[in-house]
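Read through the structure below, which is laid out as structure tokens, and then see the notes.
So you know, we letter chains A, B, ... as the sequences are listed, proteins then strands, and number each from 1. Side chains are part of it too, since the values below use all heavy atoms of this structure and drop only hydrogens, waters and symmetry mates.
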There are 2 protein chains.
Amino acid sequence: MTTAESGSLLAESVYRTLVDQIFEGALPPGAPLSVPALAARLDVSRSPVRESVQRLIHEGLAVHVPHAGARVLQLDEDAVRDVLAVREALDGLAAQEAARRASADDVAGLLELVERQADLLEEPTDPLRDARLDVELHTRVREVSGNRPLADALRRLDAQAHLYTSGMWAEESNRRIAVVEHRRIADAVAAGDADGARRAASAHVAAISVRMRRWRMSH
Amino acid sequence: MTTAESGSLLAESVYRTLVDQIFEGALPPGAPLSVPALAARLDVSRSPVRESVQRLIHEGLAVHVPHAGARVLQLDEDAVRDVLAVREALDGLAAQEAARRASADDVAGLLELVERQADLLEEPTDPLRDARLDVELHTRVREVSGNRPLADALRRLDAQAHLYTSGMWAEESNRRIAVVEHRRIADAVAAGDADGARRAASAHVAAISVRMRRWRMSH
DNA sequence: ACGGGCGGTATTACATGCAATACCCCGGTG
DNA sequence: CACCGGGGTATTGCATGTAATACCGCCCGT
């Protein structure tokens with residue numbers, strides 16, 4: 001994170017609002033991000049809004065079009081596949097390093113997250129909540145890996161991919177498969193099996209890629 | 001690139017100036033980046049400077065310290081190793097995809113760059129120039145890979161690592177080894193040998209990591 | 001009817017004003 | 001001599017002013 005500091009930073013709260021709206025669909029891919037319009041809508045000046053929009057661009061959630069402001073990122077299928085290809089390599093690396101360095105507490109926290117996700121299978125679907133928990137789980141693994149540049153790189157990629165994979169959480173089968181695959185990763189990390197963790201994590205992302213393509217075709 | 005557009009964007013030129021000064025050592029790691037001070041020194045208003053500094057932060061070349069502005073990134077040895085570990089995975093992936101997709105022109109351009117680097121061995125050392133050519137070479141491979149998210153992620157990592165590896169170009173042996181390793185990568189890409197390219201590129205980064213550690217110890 | 005040029009409009013990019021706030025040095029005190 | 005508190009100072013963060021510029025729809029000429 002750049003700063004985090006929960007201090008009442010206006011730009012920070014604007015940023016979070018925009019991110020939330022993007023993920024909730026209020027700002028769909030391709031939507032224009034006009035600084036004056038957003039400033040009026042959120043009732044703040046243009047400065048924090050401009051800063052937030054530029055941050056979105058840097059984080060890869062928006063693109064800057066030369067003379068027409070910014071727009072929410074719009075990926076075609078190939079681009080999503082590219083993102084997932086990178087994640088395949090990096091999440092594998094993260095899991096591998098996590099398996100080497102995980103403390104007992106780390107392992108406990110990880111397993112607990114997986115169980116929480118498993119418990120949610122009994123409840124009705126809430127795609128947004130499920131997607132968030134999934135992000136948290138992956139994020140945890142990356143934190144445990146202790147490699148901050150790695151975690152930073154993955155955070156960006158995640159944000160982009162989740163614009164296009166979050167819808168999949170609505171489907172029961174995908175939720176079940178995800179839990180199984182997550183458990184495999186967590187177990188390997190718990191066992192200190194670095195290579196197994198790497199393979200499990202890479203396979204998980206690869207499987208997401210396949211599922212996504214199928215899901216998109218059936219739409 | 002994010003915007004690039006040749007328009008005379010003040011913020012863009014300020015950004016480039018700052019990056020140059022960072023890599024040339026005028027702004028060494030840990031140096032404070034005071035917005036008003038830089039604005040006065042560069043004779044522009046604070047707006048483009050503020051924007052540029054925030055961009056540096058997002059790109060990973062500077063860190064924001066809660067109540068004391070920003071400072072040029074300062075990595076310890078472990079962090080550099082982490083960065084290189086990520087690059088090992090990603091540059092391998094980039095070379096692999098490049099080998100699959102390279103056109104005849106791509107290959108020609110790549111080989112020409114390597115030869116240019118080889119020719120430079122005959123001339124006296126110019127660390128800054130050599131480092132730039134090295135970046136260009138790696139960047140070219142990533143462009144050829146056609147995976148933009150991958151190239152973007154690597155660009156950031158490169159920037160960070162180069163703060164700490166650029167000094168190595170002063171040494172003759174390192175320059176020679178680099179050319180050899182680059183040629184291996186380029187040859188594999190030219191031959192369409194995806195797996196060989198991946199291994200060559202990963203090995204190259206791993207070797208950089210080893211050389212860097214040795215170079216740092218000898219100081 | 002259709003193509004080309006033109007003004008209205010909204011936007012960006014930059015400059016600057018302003019208040020709040022945290023740091024630092026320095027002098028005073030136990 | 002060590003420690004603590006207060007004022008000065010510089011900085012951030014936000015708001016707003018302003019010029020240049022590119023786009024869009026409309027009107028006019030052919």
Side-chain angles (χ1 to χ4, degrees), chain A residues 1-22 27-74, chain B residues 1-22 27-74:
Chain A
M1 222 41 56
T2 44
T3 65
E5 241 52 38
S6 62
S8 66
L9 275 285
L10 205 43
E12 180 74 14
S13 95
V14 168
Y15 174 75
R16 291 195 196 277
T17 300
L18 291 179
V19 170
D20 284 346
Q21 295 195 357
I22 288 174
L27 289 171
L33 294 171
S34 157
V35 170
L38 289 173
R41 174 178 247 74
L42 301 175
D43 196 41
V44 296
S45 82
R46 298 174 331 233
S47 295
V49 173
R50 180 178 169 84
E51 185 176 328
S52 298
V53 168
Q54 289 191 336
R55 191 166 158 198
L56 286 174
I57 293 170
H58 289 307
E59 299 281 336
L61 280 176
V63 294
H64 174 81
V65 278
H67 299 104
R71 291 163 22 159
V72 177
L73 180 70
Q74 202 165 15
Chain B
M1 259 1 88
T2 45
T3 65
E5 245 45 41
S6 62
S8 65
L9 277 283
L10 205 43
E12 179 74 16
S13 94
V14 168
Y15 174 75
R16 290 195 197 277
T17 300
L18 292 179
V19 169
D20 285 346
Q21 294 194 359
I22 288 174
L27 289 170
L33 294 171
S34 156
V35 169
L38 289 173
R41 182 168 257 78
L42 300 175
D43 196 42
V44 296
S45 83
R46 300 177 334 242
S47 295
V49 174
R50 181 177 168 85
E51 184 176 328
S52 297
V53 168
Q54 290 190 336
R55 190 166 160 197
L56 286 175
I57 292 170
H58 289 308
E59 299 280 336
L61 280 175
V63 293
H64 173 79
V65 277
H67 301 103
R71 291 149 60 112
V72 178
L73 180 71
Q74 203 165 13

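Distance CG (A:L42) to P (D:dA15): 11 Å, rounded to an integer number of Å. Atom P of nucleotide D:dG13 and atom CD of A:E12 are separated by 11 Å, given to the nearest angstrom. Atom CD in B:E51 sits about 9 Å away from atom C1' in C:dC14, given to the nearest Å. Atom CZ of A:R55 is separated from atom P of D:dG13 by 12 Å (rounded to the nearest Å). The CZ-P distance, from A:R50 to C:dC14, rounds to 7 Å in whole Å. Atom-to-atom, CD of B:Q54 to C1' of D:dT12 comes out at 10 Å; the value is rounded to the nearest Å. Going from atom CG of A:L9 over to atom C1' of C:dA20 covers 13 Å, rounded to whole Å. As rounded to whole Å, 13 Å separates atom C1' of C:dA13 from atom CD1 of A:I57.
What you find for B:L33 and B:R71 is that their closest heavy atoms are CD1-C, 4.2 Å.
Under 4.0 angstrom from either OP1 or OP2 of D:dC14 there lies no side-chain N or O belonging to A:R46. In terms of phosphate contacts, A:H64 brings a side-chain nitrogen or oxygen within less than 4.0 Å of OP1 or OP2 of C:dA13. Taking side-chain N and O atoms only, B:S34 has a distance below 4.0 Å to OP1 or OP2 of D:dT11.
Side-chain to base pairing of B:S47 with C:dA13: no donor and acceptor N or O lie closer than 3.5 Å to each other.
With contacts defined as side-chain heavy-atom distances shorter than 4.5 Å, the pair A:V49/A:S52 does not qualify. Residues B:L56 and B:V19 have side chains in contact (heavy-atom distance under 4.5 Å, counting atoms from C-beta outward).
Which of D:dT11, C:dC14, D:dA15 sits closest to the side chain of A:L10 comes down to D:dA15. Set against C:dT11, C:dC14, D:dC14, the side chain of A:P36 has C:dT11 as its closest nucleotide.
Within 4.0 Å of A:A11, counting heavy atoms only, lie sugar-phosphate atoms of the nucleic acid but no base atom.
Going from atom OG of A:S34 over to atom CZ of A:R46 covers 10.5 Å, rounded to the nearest 0.5 Å.
Look at B:R55 and B:E51 and you find no salt bridge, because none of the NZ, NE, NH1 or NH2 atoms lies under 4.0 Å from a carboxylate O.
Checking A:G69 against B:P48, the closest nucleotide of DNA chain C that is more toward the 5' end is the one next to A:G69.
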